[in-house]
Novice: 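This structure is in structure tokens; I'll ask about it shortly.
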Amino acid sequence: MQALNFPPQNWQLSLKNLITDPKELFAILDLPKELLPAAERASTLFDLRVPREFVALMRKGDPKDPLLAQVLPLEQEFEERSGFIEDPLNEAASRPTAGVVHKYKDRVLLILSGACAINCRYCFRRHFPYSDNQISGTAREQALTYIRSNSDIKEVILSGGDPLVASDTRLEQLINDLAAIPHIERLRVHTRLPVVIPSRITDRLLEILGKTRLQTALVLHINHSREISTELERACQQMRQAGVTLLNQAVILRNVNDQAAIQVELSRSLYRIGILPYYLFLFDPVKGASHFDIEESDAKTLAAQMQSELPGYLMPRLAKEIPNRPSKTLILPDIQ
Ligand SMILES: *Cc1c(COP(=O)(O)O)cnc(C)c1O
Ligand code: SF4
């Protein structure tokens, strides 16, 4: 596990100070110059955006580094492949009001912020119309009204973008408003921010999550054990002390984590820092990212290999999202 060697600092400064220029990324990591023109072209499709803390975990001079591969814009993003589309999950069909995605009966997603600290090239939200779907002002009130008037909803999932881009003050107000709705029992936060900027877990945030009456879970997004820094470990320890359940969801990505040994190490490393593996998603067929895709049959073989090496509780559920179903679709490992 690597230490970041960053002084403890203000996460908002880290967010302002992201690397967005491919030239700078190439200089810091000492990457082969011949890859730069393609990176510049592809960053016009989806901006390069990566925190310095995350770049500090990458290997220098290695264009195939599994952390770098998640953020480096590539020529292949211009390739069109049939079935790879802009809204593969058909979320547009499940938005009762701006910023709310209600697909599953007892829980809703609230899109708290359109932005992320990092732009993952494979993200199914790379084409998402964020500007129309952030909750603030009247949209926030309409979202709360929708949740208040639907007593089937037991859980609110803060999502995005990355919901932890929002300030602690804004989060506290929203969590208070949600906790005031009697039928809401659970709060979930889907975030990658603590992974890429661990200082996001502020004392204030710990206090807010620790004191709400809602049962709270944080679902992190870590795809490779090398994303786990000592700073993230400390943040996870503090969150557990605050009573927050920690889970992880990952996505299978070609040449990043599509080997059983990498997945097994990921599950073990997560558990070492108090996180249980939750989902391992098959890739969503998003336009511009088909080079990350693997065959479903290969994913099932991968899962079977993992299952033969891991205790049941460290085996993530292999799943995919098929639009218009009442839950995620679980896929069984292909055990020979
Ligand atoms: C994935 C997802 C959820 C959460 O599903 P779980 O199986 O409970 O983790 C909720 N709402 C939407 C719209 C989702 O896409
Ligand atoms: S939503 Fe998650 S996967 Fe997508 S860019 Fe943001 S952090 Fe990455």
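We count ligands from 1, going down the list as the structure has it; atoms in each ligand are counted the same way.
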Novice: Quick one: which ligand 1 atoms are inside 4.0 Å of a heavy atom on V101?
Specialist: 13 (C)
Novice: Has ligand 1 got any nitrogen or oxygen that is less than 3.5 angstrom from a nitrogen or oxygen of Y104?
Specialist: no
Novice: Taking 4.0 Å as the limit for heavy-atom contacts, which would you say applies to R186 with ligand 1: side chain only, backbone only, both, or neither?
Specialist: neither
Novice: Hey, does D162 sit under 4.0 Å from ligand 2 if you only count heavy atoms?
Specialist: no
Novice: If you measure from each non-hydrogen atom of H102 to ligand 1, which part falls under 4.0 Å: side chain, backbone, both or neither?
Specialist: neither
Novice: Determine, considering heavy atoms only, which of K328, Q249, R317 sits nearest to atom 2 (C) of ligand 1.
Specialist: K328
Novice: Output the list of atoms in ligand 2 that are nearer than 4.0 Å to some heavy atom of H221, sorted by atom number.
Specialist: 2 (Fe), 3 (S)
Novice: Any N/O/S of C120 under 2.8 Å from atom 8 (Fe) of ligand 2?
Specialist: yes
Novice: Heavy-atom contacts with R188 under 4.0 Å: which atoms of ligand 1 show up? List them by number with element.
Specialist: 4 (C), 6 (P), 8 (O), 9 (O)
Novice: Using a strict 4.0 Å threshold on nitrogen-to-oxygen distance, state whether R126 and E77 make a salt bridge.
Specialist: yes
Novice: Can you name the atoms of ligand 1, numbered from 1 with element, that are less than 4.0 Å from a heavy atom of Y278?
Specialist: 6 (P), 7 (O), 8 (O), 9 (O)
Novice: Begin with the C-alpha distance, continue with both residues' side-chain angles, and end with the deciding distance and a verdict on ring pair (Phe, Tyr, Trp, His ring centres under 6.0 Å) for Y122 and H291.
Specialist: CA-CA 9 Å; Y122 46 82; H291 51 289; 9.7 Å; no
Novice: Looking only at distances, please establish whether an N/O atom of ligand 1 is found under 3.5 Å from an N/O atom of Y279.
Specialist: yes
Novice: Is there a side-chain contact between L318 and L282 (heavy atoms, below 4.5 Å)?
Specialist: yes
Novice: Are any non-hydrogen side-chain atoms of T169 and R204 less than 4.5 angstrom apart?
Specialist: yes
Novice: Side-chain contact test, heavy atoms from C-beta onward, threshold under 4.5 Å: evaluate it for I118 versus C120 and give yes or no.
Specialist: yes
Novice: Which atoms of ligand 2 sit under 4.0 Å from any heavy atom of I118?
Specialist: 5 (S), 6 (Fe), 7 (S)
Novice: Where do R186 and K154 land on the side-chain contact (heavy atoms from CB on, under 4.5 Å) test, with the steps shown first?
Specialist: CA-CA 6 Å; R186 311 183 304 261; K154 305 290 180 223; 3.9 Å; yes
Novice: Listed by chain and number, what are the side chain to side chain donor-acceptor pair (under 3.5 Å) partners of R81, not counting sequence neighbours?
Specialist: D293
Novice: For a 4.5 angstrom cut-off between non-hydrogen side-chain atoms, does M239 reach L246?
Specialist: yes
Novice: Which of the atoms of ligand 2 are close to R192, meaning less than 4.0 Å from one of its heavy atoms?
Specialist: 7 (S)
Novice: I'd like to check which ligand 2 atoms, numbered from 1 as shown, lie under 4.0 Å from a non-hydrogen atom of C116.
Specialist: 1 (S), 5 (S), 6 (Fe), 7 (S)
Novice: To the nearest 0.5 Å, tell me how far N223 CG sits from Q263 CD.
Specialist: 8.0 Å
Novice: Give the atoms of ligand 1, by number and element, whose distance to some non-hydrogen atom of R107 is under 4.0 Å.
Specialist: 5 (O), 6 (P), 7 (O), 8 (O)
Novice: Does some non-hydrogen atom of E321 fall short of 4.0 Å from ligand 1?
Specialist: yes
Novice: Please check if any side-chain donor atom of Q70 sits under 3.5 Å from a side-chain acceptor atom of E227, or the reverse.
Specialist: yes
Novice: So, applying side chain to side chain contact (heavy atoms under 4.5 Å, CB included) with P51, which one of L15, N17, V71, L18 is it?
Specialist: L18
Novice: Give the numbers and elements of all ligand 1 atoms closer than 4.0 Å to a heavy atom of L109.
Specialist: 11 (N), 12 (C), 13 (C)
Novice: For ligand 1, is any non-hydrogen atom under 4.0 Å from I157's backbone (N, CA, C, O), its side chain (CB onward), both, or neither?
Specialist: side chain
